[in-house]
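Working notes, beginning with the structure itself.
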Amino acid sequence: MQVPIEYYLILSAFMFIVGVAGVLTRRNAIVVFMSVELMLNSANLTMVAFASFMGSAVGQLFVFFVMTVAAAEAAVGLAIIIAMFRNKLTVNIDEISILKW
Amino acid sequence: MSLETILFILFAAVGSISAVLMITRRSAVISALFLILNFAALAGLYLLLNAQFIAVVQVIVYAGAIMVLFLFVIMLLRPENERKFLRANPKVKIFALAIAGIIFIQLGYLIFFSHPSGNPSGTVAASIKAGTIEEIGRQLFTNYILPFEAAGFLLLAATIGALILAKKKFE
């Protein structure tokens, strides 16, 4: 493997901060949710990179479990967004603020 | 430059550019499509890292199932006036960029001063063997059988929860 692991880690860090910026700036709940998926994927890239460079399958197993949790989270989160939309007719997270004090 | 380096640069460029475009486009549908492109680039990177099973699962589960769910929900809900979203305070944007920059500096510091490539690494043959379905399946059904069952139970709970949440109206 001729590409050093640092390159993968820096790429993963970059994608993570793009996800952070997306969560903090976007006001559409679905896009915020997609930014969270982006952050999950950057963590997955880190784990696969380490697993591959160590020659171990365990990191890839963790990626498998992260994907399972991400699928469950996407299903439940989107159901919550649909329920919120039914209630308030908006997906703008500034207007969905009933849990804020 | 070897083929591996060229492919890494290609996939990394596609992945980071599509990530940036995802958070800057106004339309949620276009954001979702750029996120799918990003996932495809990640699948390519996983293949470069000899993780064939994860690459295939990435395409099937993420780019296939999860993003179809996202697109379905986006198109189910009324497309809202996106300009209203972007009227947000510019201070929020500066704050977000500052937070992101601080996190990036922290991570970069950690990555470059801990020298992860200085550690003894496995051979390429070991890495190829670790990424096969055979090896992952063996680990999954022997050492990690309990987390595997828990993951199945989590998926069942999520299915039922999503069904109930999306069916009933909030009081």
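Note that the structure is a prediction, hence the values are computed from the model and not measured. Residue numbers begin at 1 in each chain, while the letters A, B, ... track the order of the sequences.
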Exercise answer: donor-acceptor pairs, residues 31-45 of chain B side-chain atoms, under 3.5 Å, sequence neighbours excluded:
residue: B/Ser31; atom: OG; partner: B/Met22; partner atom: O; Å: 2.8
residue: B/Ser31; atom: OG; partner: B/Ser27; partner atom: O; Å: 3.3

Quick check: are there more than 12 heavy atoms from other residues, nucleotides or ligands sitting under 6.0 Å from CD1 of B/Ile6? yes
Using a 6.0 Å cut-off, check whether atom CD1 of B/Ile133 has over 12 heavy atoms from anything other than its own residue.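 Atom CD1 in B/Ile133 is not packed in, count stays at 12 or less.
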Is there a chain of hydrophobic side chains (I, L, V, M, F, W, Y, each step under 4.5 Å between heavy atoms) that links [X] to [Y]?
X: A/Leu40; Y: B/Val68; result: no
X: B/Ile160; Y: B/Leu155; result: no
X: B/Leu77; Y: B/Phe72; result: no
X: A/Val69; Y: A/Phe33; result: no
X: B/Phe112; Y: A/Leu9; result: yes

Pairwise side-chain contact, [X] with [Y], heavy-atom cut-off 4.5 Å (strictly under):
X: B/Val92; Y: A/Leu24; answer: no
X: A/Val3; Y: B/Leu7; answer: no
X: B/Met67; Y: A/Met34; answer: yes

Evaluate the side chain to side chain contact (heavy atoms under 4.5 Å, CB included) criterion for residues A/Leu45 and B/Tyr46: first the C-alpha distance (whole Å), next the side-chain angles of each, then the deciding distance (0.1 Å), finally the verdict. CA-CA 8 Å; A/Leu45 180 61; B/Tyr46 292 160; 3.7 Å; yes
With a 4.5 angstrom heavy-atom cut-off, is it the side chain or the backbone of [X] that approaches chain B, or both, or neither?
X: A/Phe65; value: side chain
X: A/Met54; value: backbone
X: A/Tyr7; value: both
X: A/Leu11; value: side chain
X: A/Ser56; value: backbone
X: A/Val32; value: neither
X: A/Leu61; value: side chain
X: A/Ala70; value: both
X: A/Val18; value: both

[X] [atom1] to [Y] [atom2] distance, which is reported to the nearest 0.5 Å:
X: B/Leu49; Y: A/Ile5; atom1: CG; atom2: CD1; result: 8.0 Å
X: B/Phe70; Y: A/Ile81; atom1: CZ; atom2: CD1; result: 7.0 Å
X: B/Leu97; Y: A/Ile17; atom1: CG; atom2: CD1; result: 8.5 Å
X: A/Ile80; Y: B/Leu165; atom1: CD1; atom2: CG; result: 5.5 Å
X: A/Thr25; Y: B/Ile94; atom1: OG1; atom2: CD1; result: 12.5 Å
X: A/Phe14; Y: B/Leu107; atom1: CZ; atom2: CG; result: 12.5 Å

Pair A/Gln60-B/Phe53, side chain to side chain contact (heavy atoms under 4.5 Å, CB included): steps then yes or no: CA-CA 9 Å; A/Gln60 297 181 17; B/Phe53 174 66; 5.6 Å; no
Given the options [options], which has more heavy-atom pairs under 4.5 Å with chain B than any of the others?
options: A/Val63, A/Val58, A/Ile10; result: A/Ile10
options: A/Ala74, A/Ser42, A/Ala57; result: A/Ala57
options: A/Val23, A/Ile82, A/Val48; result: A/Val48

Tell me the ring-ring contact (aromatic ring centres under 6.0 Å, His included) pairs involving residues 138-165 of chain B, sequence neighbours left out?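 Sorted result for residues 138-165 of chain B: B/Phe141-B/Phe148.
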Side chain to side chain contact (heavy atoms under 4.5 Å, CB included) evaluation trace for A/Tyr8 with B/Leu48: CA-CA 11 Å; A/Tyr8 287 101; B/Leu48 274 185; 3.8 Å; yes
Identify which of B/Thr5, B/Val20, B/Leu140 forms the greatest number of heavy-atom pairs closer than 4.5 Å to chain A.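 The option with the most such pairs is B/Leu140.
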Under 4.5 Å, counting heavy-atom pairs only, tell me which of B/Val73, B/Ile111, B/Leu154 racks up the most with chain A. B/Ile111
Which residues in residues 59-66 of chain B have any heavy atom lying under 4.5 Å from a heavy atom of chain A? B/Tyr62, B/Ile66
For chain A, which residues of residues 98-105 of chain B have heavy atoms nearer than 4.5 angstrom: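 Answer by number: B/Ile99, B/Ala100, B/Ile103, B/Phe104.
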Shortest non-hydrogen contact from B/Ala162 toward A/Ala79: O-CB, 3.5 Å
Please name the pair of heavy atoms, one in B/Leu69 and one in A/Ala75, separated by the smallest distance, quoted to 0.1 Å. CD2-CA, 3.8 Å
Between B/Ile23 and A/Ser35, does the side chain to side chain contact (heavy atoms under 4.5 Å, CB included) criterion hold? Intermediate values first, please. CA-CA 7 Å; B/Ile23 67 161; A/Ser35 303; 4.0 Å; yes
Hey, is the main chain of A/Gly55 close enough, under 3.5 Å, to the side chain of B/Ser127 for a donor-acceptor pair? no
What I want to check is whether the side chains of B/Gln58 and A/Asn41 have a donor and an acceptor closer together than 3.5 Å.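 Looking only at side-chain atoms, A/Asn41 and B/Gln58 do form a donor-acceptor pair, the distance falling under 3.5 Å.
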